[in-house]
Amino acid sequence: MSASIFQAVIEAQRRVQEELLRKRNVVGVAIGYRESQGVRTDEPAVAVLVEQKLPEAALSESDMVPREVNGVRTDVFEVGYLRALQTGTSSRDKFRPVIPAGVSIGHYKVTAGTLGVVVKDRTTGTKLLLSNNHVFANSNEATKGDSIYQPAPMDGGTESDKVATLERFITLKYLEGQVGTPQPEPEPDPTPTPTPTPSQPSGCDITDVFVGLANVIAKLTGSEKRVEATALSAVGVTAVAKAASAGESLDNLLDAALARPVNPDMFSPNIRHIGSIQGTKTPFIGQKIRKVGRTTDYSESTVTLLNATVNVGYNTSAGTRTARFTGQVICDVMSQGGDSGSLIVEQDSQNAVGLLFAGSTLATIFTPIDIVLSNLNITF
């Protein structure tokens, strides 16, 4: 796909995204390649993500997805109900004296999540722990200094298992209104985001994004599983409209937080089954990836969609809240509840690709790693 065609698809997505997200059953918009009878074609498309594929007879005319937008074909992908992966169904071990990444961890008021990786503050060099806001900061409802347990509370963690304290987090913005006390964002980072290792393509050339396509999106179609349709509420639509009129944005770039170890020497730089991280890599369609998470342990997947805008459900003290994320990456399902916070790593290298934070029974969602590093002012 040439750079000009890629830009045309991005522009088409931008123009119709808000309109598409208002349709019943639609939970996201991305870019990818159109499928025909279950086979991926070479035709670029605006991908419309729905909780469940419905027959045309079950949809009103206003909820129908147009076959084409701004001269670009559309395609519909079933991804299920997208939620923050903050719960799990089985216990995970307490690791002592050395704690690797990829294990159960969490704020003392949450169920369970995953320790993504050990990082360093770019300004001070302090060793910190990386995971999601909803794992370390209880979806905005935490305060700096709060206890972080390993294992997480759901896995038996108590105050005696306190291994870190909440350092800082990126505040989540909800369509239905804020929950918790907003925290100050990190100071702007004067240091450029680390570039990928020289041996890997940097992805600066837009055509590099579509190199190496292989069997993408196969698991996102043809599912017969039924899920509850919970499209964006009227409250959410109103919130978006009010924010737009006020010149504000309710979009989120990432779900991320940092914790400060009580004893830095307790934490290994290695991720279980993967090892240490050597650099970063820009996500591209067809990319083979892997992760280690608290619930599903080691798993592999393939990147299927880029530049996704998705609505993700969060459980909060005020009930379910919806957060809209932009610029996300979608891959074949590789996670379950409790895997949130896992670091996504390329299969054939030690390069980090992204930070996992949400998913469904049909898909997994993560944020490109360089967005995470830049916004949190950290490095490996």
Side chain to side chain, [X] and [Y], heavy atoms closer than 4.5 Å:
X: I31; Y: F6; result: yes
X: D93; Y: V103; result: no
X: F366; Y: S342; result: no
X: S340; Y: H134; result: yes
X: D339; Y: T364; result: no
X: D251; Y: R324; result: yes
X: V29; Y: V46; result: yes
X: L253; Y: T326; result: yes

Looking only at heavy atoms, what is the nearest atom pair of [X] and [Y], with distance?
X: V292; Y: R272; result: CG2-O, 2.9 Å
X: V262; Y: A164; result: CG2-N, 3.6 Å
X: Y108; Y: P153; result: O-CG, 3.6 Å
X: S301; Y: Q347; result: O-NE2, 3.4 Å
X: I330; Y: A363; result: CG2-CB, 4.0 Å
X: F380; Y: V117; result: CE2-CG1, 3.7 Å

Checking side-chain contact (heavy atoms from CB on, under 4.5 Å) for the pair F357/N133: CA distance, chi angles, key distance, verdict?
CA-CA 9 Å; F357 75 99; N133 173 317; over 6 Å; no

Test side-chain contact (heavy atoms from CB on, under 4.5 Å) on K288 and D348 and set out the steps.
CA-CA 8 Å; K288 300 298 183 181; D348 59 359; over 6 Å; no

Verdict with reasoning, E78 to K53, per salt bridge (charged side-chain N to carboxylate O under 4.0 Å, His left out)
CA-CA 6 Å; E78 185 180 61; K53 281 191 173 182; over 6 Å; no

Judged by atom type as modelled, is there a donor-acceptor pair below 3.5 Å linking the side chain of [X] to the main-chain atoms of [Y]?
X: R122; Y: I378; result: yes
X: E141; Y: S317; result: yes
X: S299; Y: M334; result: yes
X: D75; Y: A47; result: no
X: N351; Y: E346; result: no
X: S131; Y: T114; result: yes
X: Q150; Y: L115; result: no

Approximate separation, where rounding is to 0.5 Å, of [X] [atom1] and [Y] [atom2]:
X: I271; Y: L343; atom1: CD1; atom2: CG; result: 4.5 Å
X: T320; Y: N315; atom1: OG1; atom2: CG; result: 5.0 Å
X: E51; Y: L362; atom1: CD; atom2: CG; result: 10.5 Å
X: I344; Y: I369; atom1: CD1; atom2: CD1; result: 9.5 Å
X: C331; Y: I289; atom1: SG; atom2: CD1; result: 4.0 Å
X: T304; Y: D332; atom1: OG1; atom2: CG; result: 5.5 Å

If hydrophobic clusters are built from ILVMFWY residues whose side chains come within less than 4.5 Å, do Y33 and V39 share one?
no

Would you say [Y] and [X] are linked by a side-chain donor-acceptor pair, where the criterion is simply a distance under 3.5 Å?
X: Y149; Y: E159; result: yes
X: Q350; Y: S276; result: no
X: Q336; Y: T295; result: no
X: K291; Y: T296; result: yes
X: S62; Y: K23; result: no
X: S104; Y: D155; result: yes
X: S36; Y: T41; result: no

Go through it in stages, so that I can follow the logic: the residues are Q328 and T367, the test is side-chain hydrogen bond (donor to acceptor under 3.5 Å, both in side chains), and I'd like the CA-CA distance, side-chain angles, deciding distance and then a yes or no.
CA-CA 5 Å; Q328 305 305 303; T367 304; 2.6 Å; yes

One pair to check against side-chain contact (heavy atoms from CB on, under 4.5 Å): N307 and R14. What are the steps and the verdict?
CA-CA 10 Å; N307 198 44; R14 185 189 68 79; over 6 Å; no

With N252 via side-chain contact (heavy atoms from CB on, under 4.5 Å) - residues at least two apart
L172, K173, A323, F325

Is the number of heavy atoms from other residues, nucleotides or ligands within 6.0 Å of CZ (R67) greater than 12?
no

Is the shortest distance from a Lys or Arg side-chain nitrogen in R24 or D63 to a carboxylate oxygen in the other one below 4.0 Å?
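Here R24 pairs with D63 in a salt bridge, since their nearest N and O are under 4.0 Å apart.
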
Step-by-step side-chain contact (heavy atoms from CB on, under 4.5 Å) determination, L130 to V372:
CA-CA 10 Å; L130 174 65; V372 177; 4.1 Å; yes

